[in-house]
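Written below as structure tokens is the structure these notes are about.
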Amino acid sequence: GIDVSEGLSVRVIAEVGQSVPYANGGASKLRYHEDTDAAGIVPMNPDDPTSDGYVYVVNAEKGDGEGGVYGIYFDKDGNVLEYTDLLTGTTDNCGGG
């Protein structure tokens with residue numbers, strides 16, 4: 001389990017090797033990647049970050065050209081809309097450290 005502070009909650013968004021479930025009842029064709037290394041949140045509208053959704057951008061630190069960067073897209077209410085690859089074919093793309 002996951003320990004969280006009082007008043008907060010968590011939910012599973014994606015699991016390695018599984019399709020990512022969408023809020024509309026569908027799911028991604030792409031399975032969630034292995035070897036997550038670093039991540040960030042990017043607002044869809046940088047001028048007004050709370051007006052639109054956001055993207056959870058995360059890399060996969062794999063060797064031999066099997067790495068990449070992926071995005072889980074959310075609407076402004078936190079519902080999952082899409083999971084897609086943004087960059088593929090990288091090798092050992094490390095988030096730092």
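- Tyr56 and Val80 fall within the same hydrophobic cluster, where Ile, Leu, Val, Met, Phe, Trp and Tyr residues are linked whenever their side-chain heavy atoms come under 4.5 Å apart, directly or through other members.
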For residues 71-79, tabulate all N or O donor-acceptor pairs below 3.5 Å that involve a side-chain atom, not counting sequence neighbours.
| from | atom 1 | to | atom 2 | distance (Å) |
| --- | --- | --- | --- | --- |
| Asp75 | OD1 | Asp77 | N | 2.9 |
| Asp75 | OD1 | Gly78 | N | 3.0 |
| Asp75 | OD1 | Asn79 | N | 2.9 |
| Asp75 | OD1 | Asn79 | ND2 | 3.4 |
| Asp75 | OD2 | Asn79 | ND2 | 3.0 |

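- Both Met44 and Val69 sit in one connected hydrophobic cluster of ILVMFWY residues. Membership requires side-chain heavy atoms under 4.5 Å apart, directly or through other members.
- Counting heavy atoms from C-beta on, the side chains of Val10 and Leu8 never come closer than 4.5 Å.
- Rounding to the nearest 0.5 Å gives a distance of 7.0 Å between OH of Tyr70 and OG1 of Thr88.
- Both Tyr32 and Leu30 belong to a common hydrophobic cluster when Ile, Leu, Val, Met, Phe, Trp and Tyr are linked at side-chain heavy-atom distances under 4.5 angstrom.
- Between the side chain of Asn45 and the backbone N or O of Asp47 there is at least one donor-acceptor pair closer than 3.5 Å.
- A 4.5 Å side-chain heavy-atom check between Asp64 and Thr91 finds every atom pair outside the cut-off.
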If you look only at distance, which donor and acceptor atoms sit under 3.5 Å apart when one is on a side chain in residues 35-42 and the other is two or more places apart or in another chain?
| from | atom 1 | to | atom 2 | distance (Å) |
| --- | --- | --- | --- | --- |
| Asp35 | OD2 | Lys62 | NZ | 3.4 |
| Thr36 | OG1 | His33 | NE2 | 3.1 |
| Asp37 | OD2 | Gly95 | N | 2.3 |

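- The distance from the CG atom of Asp92 to the CD atom of Glu66 is 10.5 Å, given to the nearest 0.5 Å.
- Tyr22 and Val16 fall within the same hydrophobic cluster, defined by Ile, Leu, Val, Met, Phe, Trp and Tyr side-chain heavy atoms under 4.5 Å apart, directly or through other members.
- Listed by chain and residue number, Asn93 satisfy the side chain to side chain donor-acceptor pair (under 3.5 Å) test with Thr90 (two or more places apart in sequence, or in another chain).
- Residues Val12 and Tyr83 fall into different hydrophobic clusters, defined by Ile, Leu, Val, Met, Phe, Trp and Tyr side chains chained together at heavy-atom separations under 4.5 Å.
- Between the side chain of Ser19 and the main chain of Ser28, a donor-acceptor pair closer than 3.5 Å is present.
- Rounding to the nearest 0.5 angstrom, the gap separating the CG atom in Asn24 from the CD atom in Glu82 is 11.0 Å.
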